[in-house]
Visitor: 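Dropping the structure in here first, questions after.
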Amino acid sequence: MSTAITDPILDWYDEHARDLPWRAPDATPWGVLVSEIMLQQTPVARVLPVWHAWMERWPTAAALAAEPSGEAVRAWGRLGYPRRALRLHATATAIVERHDGEVPSSHEALLDLPGIGAYTAAAVASFAYRQRHAVLDTNVRRVLARLCSAEEYPPKSQTRAEVRLAESLLPLDPPTAARWSVAVMELGALVCTARTPRCVDCPVIARCAWQRAGRPAYDGPPRRGQTYAGTDRQCRGRLLAVLRDAEGPVAKPALDAVWSDPVQRERALDALVADGLVDPLDDGRYALPA
DNA sequence: TAGCCGTGGTC
DNA sequence: TGACCAAGGCT
């Protein structure tokens, strides 16, 4: 633990943290969990309205578990990666069945829930229950890569060295560790950004190895560009949007209309059914899952 | 483990 | 303008 790094970032966070609803004093563990799932690969600005509507409608895990999973998929709207909605519904069900309706507080129990991996388990345990865990998301990995390794970007996949580094920086006191975790994430989101870091606003610029090295440009393998137009993903998105926007079941021609290539369309539709995002009815129509 | 899984904003 | 990016997880 190095207070020379942690203290300035904690102080910076106290002054500059965004006022986000899932950080409010009255935020529930369920609200924190919902926010973490929604925020996976999705910007805060797009999550905010959906989170508010979601929490209004389903203030508890039990409330969500009482409804068909298709309602979760519909309420997910255009957040993207709709399997997250399905898994969040499954997690709500598991919380009711296995944890008496309460979001579990142990990292291990959280990890057992569908759609919750190492990051999200650590985030919920830290932010909802003030525990001490290394919280390694894309923001934290980037901050630590620059601050401690003089690299512009972290490695493509997470390494044990990164985990060890994050653990070594964690303050010993659990509530302080939890605040530190959210503080580093916030620093990465607002100052130590991927594209154009605002180093002039950085509270630890004097300690930054990347800064000292002259901010060398990333020289690793090319960071994968994810093309989208024409992919199965785009096709799936179009098909699911038809079902989301419809009141009830939809006839096949309505789906055929949104994608011209029949081979790709059928493949995508089959995959949506296999994923449980689409329910093929006996009468030949399609619906969101019951 | 690399590839897959949505969507929209940014520069 | 199009490539890159945004609080990952699963197989």
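Computed from a predicted structure; not experimentally measured. Throughout, protein chains are lettered first and strands after them, A, B, ... in sequence-line order, and every chain is numbered starting at 1.
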Visitor: What contact category does A:Thr231 fall into here, base, sugar-phosphate, or nothing, at under 4.0 angstrom with non-hydrogen atoms?
Guide: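 A:Thr231: no heavy atom of the nucleic acid under 4.0 Å.
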Visitor: Scan for side-chain hydrogen bond (donor to acceptor under 3.5 Å, both in side chains) pairs involving residues 185-198 of chain A, sequence neighbours excluded, and state none if there are none.
Guide: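 The answer is A:Arg18-A:Glu186, A:Arg23-A:Glu186.
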Visitor: Does a salt bridge link A:Arg74 with A:Glu71, judged by any charged N lying under 4.0 Å from a carboxylate O?
Guide: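 A salt bridge links A:Arg74 with A:Glu71.
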Visitor: Pull out every residue in residues 47-58 of chain A that has a heavy atom closer than 4.0 Å to any atom of DNA chain B, ordered by number, or say none.
Guide: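 Those residues whose heavy atoms fall under 4.0 Å from DNA chain B, taken from residues 47-58 of chain A, amount to none.
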Visitor: Please give me every residue in residues 71-89 of chain A whose heavy atoms get under 4.0 Å of an atom in DNA chain C, ordered by residue number.
Guide: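 Only A:Arg83, A:Arg87 qualify.
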Visitor: Whole-Å distance between C:dG8 P and A:Gln40 CD?
Guide: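 Rounded to whole Å, this separation is 7 Å.
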Visitor: Can you find an N or O donor on one side and an acceptor on the other, under 3.5 Å apart, linking the side chain of A:Arg195 with the base of C:dC4?
Guide: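 Per atom types, the contact qualifies.
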Visitor: Heavy atoms within less than 4.0 Å of DNA chain C: which residues of residues 254-268 of chain A have one? Give them sorted by number.
Guide: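 Those residues: none at all.
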Visitor: With nearest nucleotides of DNA chain C determined for A:Arg46 and A:Leu111 from heavy-atom distances, which residue corresponds to the more 5′ nucleotide?
Guide: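 Whichever sits nearer the 5' end wins; that is A:Arg46.
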Visitor: Could you check which residues of residues 29-36 of chain A get a heavy atom under 4.0 Å from DNA chain B? Sort them by number, please.
Guide: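 Close to the strand, none.
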Visitor: To the nearest Å, give me how far apart CD (A:Gln41) and P (B:dC4) are.
Guide: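 Interatomic distance, CD of A:Gln41 to P of B:dC4: 15 Å.
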Visitor: Using atom C1' in both nucleotides, what's the gap between C:dC5 and B:dG6 to the nearest angstrom?
Guide: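 Comparing C1' positions in C:dC5 and B:dG6 gives a spacing of 13 Å.
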Visitor: Starting at atom CH2 of A:Trp180, determine the distance to atom P of C:dA7, rounded to an integer number of angstrom.
Guide: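 After rounding, the reported distance stands at 16 Å.
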Visitor: I'd like the C1' distance from B:dC5 over to C:dA6, given in whole Å.
Guide: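 It comes out at 15 Å once rounded to the nearest Å.
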Visitor: Within the 4.0 Å heavy-atom criterion, would you say A:Leu136 contacts the bases, only the backbone, or no part of the nucleic acid?
Guide: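 Contact class for A:Leu136: none.
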Visitor: Which ones in residues 137-146 of chain A lie close to DNA chain C, meaning a heavy atom under 4.0 Å from one of its atoms?
Guide: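 Of all residues in residues 137-146 of chain A, the ones placing a heavy atom under 4.0 Å from DNA chain C are A:Asp137, A:Thr138, A:Asn139, A:Arg142.
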Visitor: What interatomic distance, in whole Å, is found between C1' of C:dT11 and the corresponding atom of B:dT7?
Guide: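 The same atom, C1', in both gives a distance of 23 Å.
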Visitor: Using atom C1' of each nucleotide, how far apart are C:dC10 and B:dT1 to the nearest Å?
Guide: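 Each nucleotide's C1' atom is 12 Å from the other's.
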Visitor: Considering only atom C1', compute the distance from B:dG8 to C:dT1 and round it to an integer number of Å.
Guide: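 It works out to 15 Å between them.
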